[in-house]
Amino acid sequence: MDLKLFFDPVEVDIDQAPDSFQSSIYINRHKMPDHDGLDIALIGMCEFRGSNKDINPKSADEIRKQIYQLKKGYGDYGIVDLGNFRNGPKLEDTYLRLKEVCGYLMEKSIMPIIFGGSHDLDLGQYYAYETAEKLISVLNVDSEIDLDDDQALEKEHIGKMFRHSPNYLFSYYHLAFQSYLTNQKSIELIEKLSFEAIRLGVVKENIKDIEPVVRDADMMTFDMSALQAIYAPGAFNSKVYGLTGEEACQLCWYAGQNEKMSSIGLYNYDASKDSDDRKTAFVMATMIWYFIEGYYHRKGDKNFKSNDYLMYEVHLGGEPDTIRFYKSKLSERWWMEVPNPDAGGLFNRNRMVACNYSDYDLALKGELPDRWMNFYNKA
């Protein structure tokens, strides 16, 4: 694929320090860099037609300015900034172009990090998995559950994912929704589909308990409106309540460490609403930095048959009779195994469900963990 056909070169340039993020990556300026063998690709978005709002079209560059000034993190960076994505003639064309580019990158084991644009652009991100021949889990961080059919596309994109054909959505996790902003029917639909919607208060109560949910996702989409307005004044619909900047960075760190995670998008930023010191752009840049930091701290938790895992079998004495738990010696993270009636099909990869020690402890007491039951009901 000739990527230069899809991107405008980067115009942002800052004074480079030898230890800066900018000086540690490849950048599409006058010539598209060779991306073979790289790990991560940055993609700026300038598409806002799905929001029905008048947005600063250069918002992605404000994020870029902030991240370029940060210091290089851990590891040997293999990162390229591809530039700003060229919009299609119609909004649907942008989705399809983004699908094509993200799909191509993921086939080459390059992680797309998408930033800027309205939240409905995660449709293009999601469509990229259509040819992957596997079922996927989507993690969405948003203060609202966007399932309404009578609003702007940024308010119905999740419903479009649910209805998309072919259907390759196995699990959907919604984090940090605020009950007073959410239609009760949307929550009921998510529960009916055996998906998970987790309130803001639950996320904030103990964010470490949310790590297994993040670890189970293949794709992450993050609406900046999920943050408190004090941290994200430039988000489309920021409110007084929400996640803090630190909590958003923690979730991105978890996502980066997730071996399954293959794409992430940060959406709904409007530079014209941001503070003079570009507070929101800085928070987004820091979130991207922490995701990358997590990525380069991955432990290789994939092969559960290796000697890198301890296996614990808990006897329940009912149905099921036993549950197997696995603990990684490398990362000390936990998984539980769920019976898989379709072992030869698409469900095969989903047999291991991320969990906490608390799920193991619950099984020791003779109780089935809720996430085990949700997963089993889908299989």
Side-chain angles (χ1 to χ4, degrees), residues 1-8 25-28 31-45 47 75-88 92-117 121-140 160-161 164-172 214-222 255-267 288 291-292 294-296 298 300-303 344-350 352:
M1 176 182 287
D2 189 356
L3 289 176
K4 70 176 183 289
L5 299 176
F6 295 88
F7 292 91
D8 291 323
I25 68 172
Y26 302 97
I27 302 174
N28 174 20
K31 181 181 178 182
M32 179 65 73
D34 182 10
H35 55 277
D36 284 342
L38 297 184
D39 305 315
I40 293 170
L42 303 178
I43 300 175
M45 299 301 300
E47 174 66 87
D76 296 324
Y77 276 8
I79 302 173
V80 59
D81 187 344
L82 296 175
N84 286 339
F85 198 79
R86 291 174 178 165
N87 297 339
E92 187 66 30
D93 296 321
T94 302
Y95 297 156
L96 295 178
R97 289 182 179 185
L98 188 59
K99 166 191 173 181
E100 186 176 355
V101 169
C102 287
Y104 168 77
L105 293 171
M106 290 189 294
E107 283 180 4
K108 297 179 74 67
S109 299
I110 300 174
M111 171 85 68
I113 299 181
I114 306 161
F115 57 93
L121 293 177
D122 64 359
L123 286 172
Q125 182 186 352
Y126 176 71
Y127 294 160
Y129 292 88
E130 189 169 306
T131 58
E133 296 184 350
K134 66 179 183 181
L135 298 173
I136 71 164
S137 298
V138 173
L139 171 67
N140 182 23
K160 285 182 174 290
M161 283 187 195
H164 182 66
S165 180
N167 176 26
Y168 43 90
L169 180 62
F170 182 75
S171 293
Y172 172 80
V214 180
R215 187 166 18 113
D216 204 43
D218 298 271
M219 163 186 155
M220 184 177 190
T221 170
F222 205 121
Q257 283 193 305
N258 173 10
E259 304 284 342
K260 287 175 57 181
M261 186 72 66
S262 51
S263 73
I264 182 174
L266 309 181
Y267 302 103
I288 292 170
F291 179 87
I292 292 171
Y295 178 91
Y296 284 109
R298 290 184 172 186
D301 289 330
K302 280 188 175 180
N303 183 9
L346 292 174
F347 285 85
N348 192 45
R349 63 177 295 283
N350 286 295
M352 293 299 178

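Residues take their numbers from the sequence shown, with the count starting at 1.
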Engineer: Does S137 reach the main-chain N or O of D218 with its side chain, forming a donor-acceptor pair under 3.5 Å?
Structural biologist: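 Pair absent, no side-chain N/O of S137 close to backbone of D218.
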
Engineer: Under a 4.5 Å cut-off applied to non-hydrogen side-chain atoms, are R298 and M261 in contact?
Structural biologist: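 They are in side-chain contact.
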
Engineer: Distance-only, no hydrogens or angles: does the R215 side chain make a donor-acceptor pair with backbone N or O of A255 under 3.5 Å?
Structural biologist: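 No, the answer is negative, given that no donor and acceptor are paired below the 3.5 Å cut-off.
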
Engineer: Would you please classify the geometry between the Y127 ring and the Y95 ring as parallel, tilted or perpendicular, with 30° and 60° separating the classes?
Structural biologist: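 Perpendicular, since the angle between the ring planes exceeds 60°.
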
Engineer: Parallel under 30°, tilted from 30 to 60°, perpendicular over 60°: which one fits the rings of Y126 and H164?
Structural biologist: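 Perpendicular: the ring planes of Y126 and H164 meet at over 60°.
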
Engineer: Once you round to the nearest 0.5 Å, how far does CG of L3 lie from NE2 of H35?
Structural biologist: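 Here the rounded value is 4.5 Å.
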
Engineer: Could you grab the distance from atom CG of L169 to atom CD1 of I136, nearest 0.5 Å is fine?
Structural biologist: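 If we round to the nearest 0.5 Å, L169:CG and I136:CD1 are 6.5 Å apart.
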
Engineer: Nearest 0.5 Å, please: how far is CD1 in I292 from CG in L42?
Structural biologist: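 L42 CG to I292 CD1: 5.5 Å, rounded to 0.5 Å.
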
Engineer: What closest approach, in Å, do L123 and M161 show between heavy atoms, and which atom pair accounts for it?
Structural biologist: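 Looks like CD2-CG, 3.9 Å.
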
Engineer: Tell me, do D122 and V138 make a side-chain contact under 4.5 Å, heavy atoms counted?
Structural biologist: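 No. Closest side-chain heavy atoms not under 4.5 Å.
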
Engineer: Side chains of T94 and M45: closer than 4.5 Å at any heavy-atom pair?
Structural biologist: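 With C-beta onward as the side chain, the pair touches.
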
Engineer: What pairs with E100 under salt bridge (Lys or Arg N to Asp or Glu O under 4.0 Å), at least two apart in sequence or on another chain?
Structural biologist: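 Counting only residues at least two positions away or on another chain, E100 forms no salt bridge (Lys or Arg N to Asp or Glu O under 4.0 Å).
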
Engineer: Extract all donor-acceptor atom pairs below 3.5 Å that involve side chains of residues 80-87 and protein atoms in other chains or at least two apart in sequence.
Structural biologist:
residue: D81; atom: OD1; partner: R64; partner atom: NH2; Å: 3.1
residue: D81; atom: OD1; partner: G83; partner atom: N; Å: 3.0
residue: D81; atom: OD2; partner: R64; partner atom: NE; Å: 2.7
residue: D81; atom: OD2; partner: Y68; partner atom: OH; Å: 2.6
residue: N84; atom: OD1; partner: R64; partner atom: NH1; Å: 2.9
residue: N84; atom: OD1; partner: R64; partner atom: NH2; Å: 3.3
residue: N84; atom: ND2; partner: D61; partner atom: OD1; Å: 3.1
residue: R86; atom: NE; partner: F7; partner atom: O; Å: 3.2
residue: R86; atom: NE; partner: D8; partner atom: OD1; Å: 2.7
residue: R86; atom: NH1; partner: K4; partner atom: O; Å: 3.4
residue: R86; atom: NH1; partner: L5; partner atom: O; Å: 3.2
residue: R86; atom: NH2; partner: F7; partner atom: O; Å: 3.1
residue: R86; atom: NH2; partner: D8; partner atom: OD1; Å: 3.4
residue: N87; atom: ND2; partner: C46; partner atom: O; Å: 3.3

Engineer: Measuring from atom CZ of F291 to atom CG of L266, what distance do you get when rounded to the nearest 0.5 angstrom?
Structural biologist: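 One finds 9.0 Å between CZ of F291 and CG of L266.
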
Engineer: Please evaluate residues D216 and F170 with respect to the criterion side-chain contact (heavy atoms from CB on, under 4.5 Å), reporting the C-alpha separation (whole Å), side-chain torsions for both, the decisive distance (0.1 Å), and the verdict.
Structural biologist: CA-CA 11 Å; D216 204 43; F170 182 75; over 6 Å; no

Engineer: Determine, step by step, whether Y77 and Y26 satisfy the ring-ring contact (aromatic ring centres under 6.0 Å, His included) criterion, reporting the C-alpha distance in whole Å, the side-chain angles of both residues, the deciding distance to 0.1 Å, and the verdict.
Structural biologist: CA-CA 9 Å; Y77 276 8; Y26 302 97; over 10 Å; no

Engineer: Ignoring hydrogens, what is the shortest heavy-atom contact between S263 and M111? Give both atom names and the distance.
Structural biologist: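 Closest approach of S263 to M111: N-SD, 3.4 Å.
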
Engineer: Quick one: are N28 and P33 in side-chain contact, heavy atoms under 4.5 Å?
Structural biologist: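 In short, these two side chains touch, coming nearer than 4.5 Å.
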
Engineer: For the residue pair A128 and C102, what are the closest heavy atoms and their distance?
Structural biologist: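 Where A128 meets C102 most closely, the heavy atoms are CB-CB, 3.6 Å.
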
Engineer: Quick one: CD on E107 to CG on L105, what's the gap to the nearest 0.5 Å?
Structural biologist: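 With rounding to 0.5 Å, CD (E107) is 9.5 Å from CG (L105).
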
Engineer: Counting C-beta onward and ignoring hydrogens, is there a side-chain heavy-atom pair between F6 and I43 closer than 4.5 Å?
Structural biologist: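 Sidechains of I43 and F6: no contact.
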
Engineer: Would you please name every residue forming a side-chain contact (heavy atoms from CB on, under 4.5 Å) with D36, sequence neighbours left out?
Structural biologist: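 With sequence neighbours excluded, D36 shows a side-chain contact (heavy atoms from CB on, under 4.5 Å) to D34, K108, given in chain and number order.
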
Engineer: Taking all non-hydrogen atoms of both residues, which atom of G265 and which atom of Q125 are closest, and how far apart?
Structural biologist: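 Result for this residue pair: N-NE2, 3.6 Å.
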
Engineer: Quick one, I114 and Y267 - any side-chain contact, counting heavy atoms below 4.5 Å?
Structural biologist: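 Yes, close enough: below the 4.5 Å cut-off.
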
Engineer: Between CD1 of I79 and CD1 of I288, what distance do you get to the nearest 0.5 Å?
Structural biologist: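 So the gap between those two atoms works out to 10.5 Å.
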
Engineer: What are the two closest heavy atoms between L121 and G116, and how far apart are they?
Structural biologist: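 Closest heavy-atom pair between L121 and G116: CD1-O, 4.3 Å.
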
Engineer: State, to 0.1 Å, how close G88 and D93 come at their nearest heavy-atom pair, and which atoms those are.
Structural biologist: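 Closest approach of G88 to D93: CA-CB, 3.8 Å.
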
